[in-house]
Amino acid sequence: MSQSKEHIVVFDTTLRDGEQAPGFSMDVPAKLELARLLDALGVDIIEAGFPIASPADAEGTFRVATEIRRPVIAALARCRKLDIEEAAKALKPAERKRIHTFLATSDLHLERKLRITREACLSAIVDSVQFARQFTDDVEFSAEDATRSDRDFLCRVVEAAITAGATTINLPDTVGFTIPAESFDFFSEIRRRVPNSDKAIFSAHCHDDLGLAVANSLAAVEGGARQVECTINGIGERAGNASLEELVMALRVRADRLPFDTAINSQGLFQASQLLSKLTAEPVQSNKAIVGRNAFAHEAGIHQDGMLKDARTYEIMRPQDVGQTADQLVLGRHSGRHAVAKRVEQLGLTLSADELAQLYQAVTTMGEHKKGIGDNDLRRMVERVRAGQHSHA
Ligand code: KIV
Ligand code: ZN
């Protein structure tokens, strides 16, 4: 019997949290190009910008809200009237709009950064959520630094924000401080203790300072969150946000333990990653999960041999499932005979057993000095073997 899967809302913040990271800023045409792809990818919500932050941010949000019709378009605003008015203005043309208002709730932020009391914080949240509701029924409230906030106070904040009209409650791990078991407990506890928690969707927004953003987001989902905030390639402030492609594929590959699904067309993931890299001129780390150049590349002889016999030996998903072209058996110092023979066959070349042995030796020797041996290298080596210029050691 197939398990029914609950929908997880994918809230993409590449154009806001991602774009505000050093080196990732995008102009308006670039934002629009990426927003079109996010739409095609199937994200539920695009956070298009923080309109009060700059005229370019406001313009980018407005243009995305004008052109992109299917997903909800969100705009960020602090708990201030002017911010909320700017967000509402930029979202005016949107088919479906969300105002996302936030205020820090940890004592550290209240005392040291904002210099306001908890009571002032609470009343600013209530006023802002109520004000935002005058522009749209879809209002998200984020308690910045939620994971380091006092739990009793956070419960009061969440209850008050929902009563004031927030339909989504986001509990960010703003500084990437939490760990998975704690993230699970945190979401479970807040939902259990807040009397009106069933009136809102809970959301995770995890940063990657300890490399745990995706793990913490998945734990939050297990603890009751039904929205995840994430970015393409995991870009975002400092070490970044939870990576959209990793979250989506973790939910898909481990559906046996995680009975949730998203509306993402996973075959578009690689293209989205490449487009972002092109638009920002920032390369994708080669060993990046899912979308990195090496995510489906195999060089070790034992792995290549396993892959040629049955790809499931070393791959938990197929490259085509995420839009990567094909498994790459990289020829180099670590390659096995089987992979060399296979590549020779793929190139339409026929060699005797003796020639193949010589070729294999030539490949491993060249691999000592060269990263990744290409097809042209291989053809040249085959010519030399046939001309008798390589021999057994
Ligand atoms: O990390 C964070 O706390 C944020 C909020 C503004 C949602 O980005
Ligand atoms: Zn953030």
Side-chain angles (χ1 to χ4, degrees), residues 9-25 43-54 57 61 72-80 83-84 86-87 90 98-110 112-114 121 124-125 128-129 132 138-150 153-154 157-158 161 166-178 183 186-187 190 200-214 216-217 220 225 227-244 247:
V9 175
V10 173
F11 177 114
D12 181 277
T13 183
T14 309
L15 296 177
R16 198 280 296 169
D17 212 323
E19 202 261 351
Q20 75 192 41
F24 288 95
S25 71
V43 306
D44 300 282
I45 301 167
I46 295 176
E47 185 162 56
F50 186 10
I52 194 88
S54 70
D57 243 293
T61 308
V72 172
I73 309 300
L76 188 68
R78 288 166 298 187
C79 279
R80 294 184 186 184
D83 281 42
I84 294 168
E86 283 299 312
R98 171 177 296 188
I99 293 179
H100 175 193
T101 188
F102 75 99
L103 188 60
T105 50
S106 67
D107 288 334
L108 181 62
H109 279 238
L110 294 182
R112 309 292 299 175
K113 182 184 80 171
L114 301 168
C121 166
I125 292 166
S128 302
V129 170
D138 187 345
V139 172
E140 171 169 335
F141 169 69
S142 283
E144 190 188 8
D145 208 18
T147 52
R148 294 193 301 169
S149 300
D150 176 81
F153 179 59
L154 188 60
V157 162
V158 171
T167 45
T168 299
I169 296 292
N170 185 37
L171 301 177
D173 185 28
T174 302
V175 289
F177 177 70
T178 199
S183 177
F186 176 63
F187 275 83
I190 302 288
I201 289 187
F202 279 73
S203 166
H205 175 114
C206 299
H207 280 270
D208 209 28
D209 301 67
L210 293 174
L212 293 171
V214 170
N216 288 334
S217 304
Q227 172 177 290
V228 285
E229 302 198 353
C230 47
T231 59
I232 301 292
N233 295 339
I235 69 168
E237 282 286 356
R238 306 179 310 280
N241 287 65
S243 134
L244 181 148
L247 277 172

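Values in this document were obtained by computation on a predicted structure and should not be read as measured data. Numbering of ligands and ligand atoms starts at 1, following listing order.
Residues I125 and F141 have side chains in contact (heavy-atom distance under 4.5 Å, counting atoms from C-beta outward). Looking at heavy atoms from C-beta onward, T167 lies out of side-chain contact with I201 at the 4.5 angstrom threshold.
Looking at every heavy atom in both residues, A87 comes nearest to L76 through CB-O, 4.2 Å. Heavy-atom minimum distance, L114 versus A104: CD1-CB, 4.0 Å. When all heavy atoms of V10 and D44 are compared, the pair lying nearest together is N-OD2, 2.7 Å.
There is a side-chain donor-acceptor pair under 3.5 Å between H100 and E47. Judged purely by distance below 3.5 Å, without hydrogens or angles, the side chains of Q227 and S203 pair a donor atom with an acceptor atom. Counting only N and O atoms by type, the side chains of E229 and N170 include a donor and acceptor under 3.5 Å apart.
Listed by chain and number, D17 OD2, H205 NE2, H207 NE2 are the protein N/O/S atoms closer than 2.8 Å to the Zn ion (ligand 2), with waters left out.
We find that E144 and K113 are joined by a salt bridge, their nearest charged nitrogen and carboxylate oxygen being less than 4.0 Å apart.
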Distances only, to 0.1 Å: what are the N or O pairs between ligand 1 and the protein that fall under 3.5 Å?
{"unit_1": "ligand 1", "atom_1": "1 (O)", "unit_2": "H205", "atom_2": "NE2", "d": "3.2"}
{"unit_1": "ligand 1", "atom_1": "1 (O)", "unit_2": "H207", "atom_2": "NE2", "d": "3.0"}
{"unit_1": "ligand 1", "atom_1": "3 (O)", "unit_2": "T174", "atom_2": "OG1", "d": "2.6"}
{"unit_1": "ligand 1", "atom_1": "8 (O)", "unit_2": "R16", "atom_2": "NH2", "d": "3.0"}
{"unit_1": "ligand 1", "atom_1": "8 (O)", "unit_2": "D17", "atom_2": "OD2", "d": "3.0"}
{"unit_1": "ligand 1", "atom_1": "8 (O)", "unit_2": "H205", "atom_2": "NE2", "d": "3.1"}

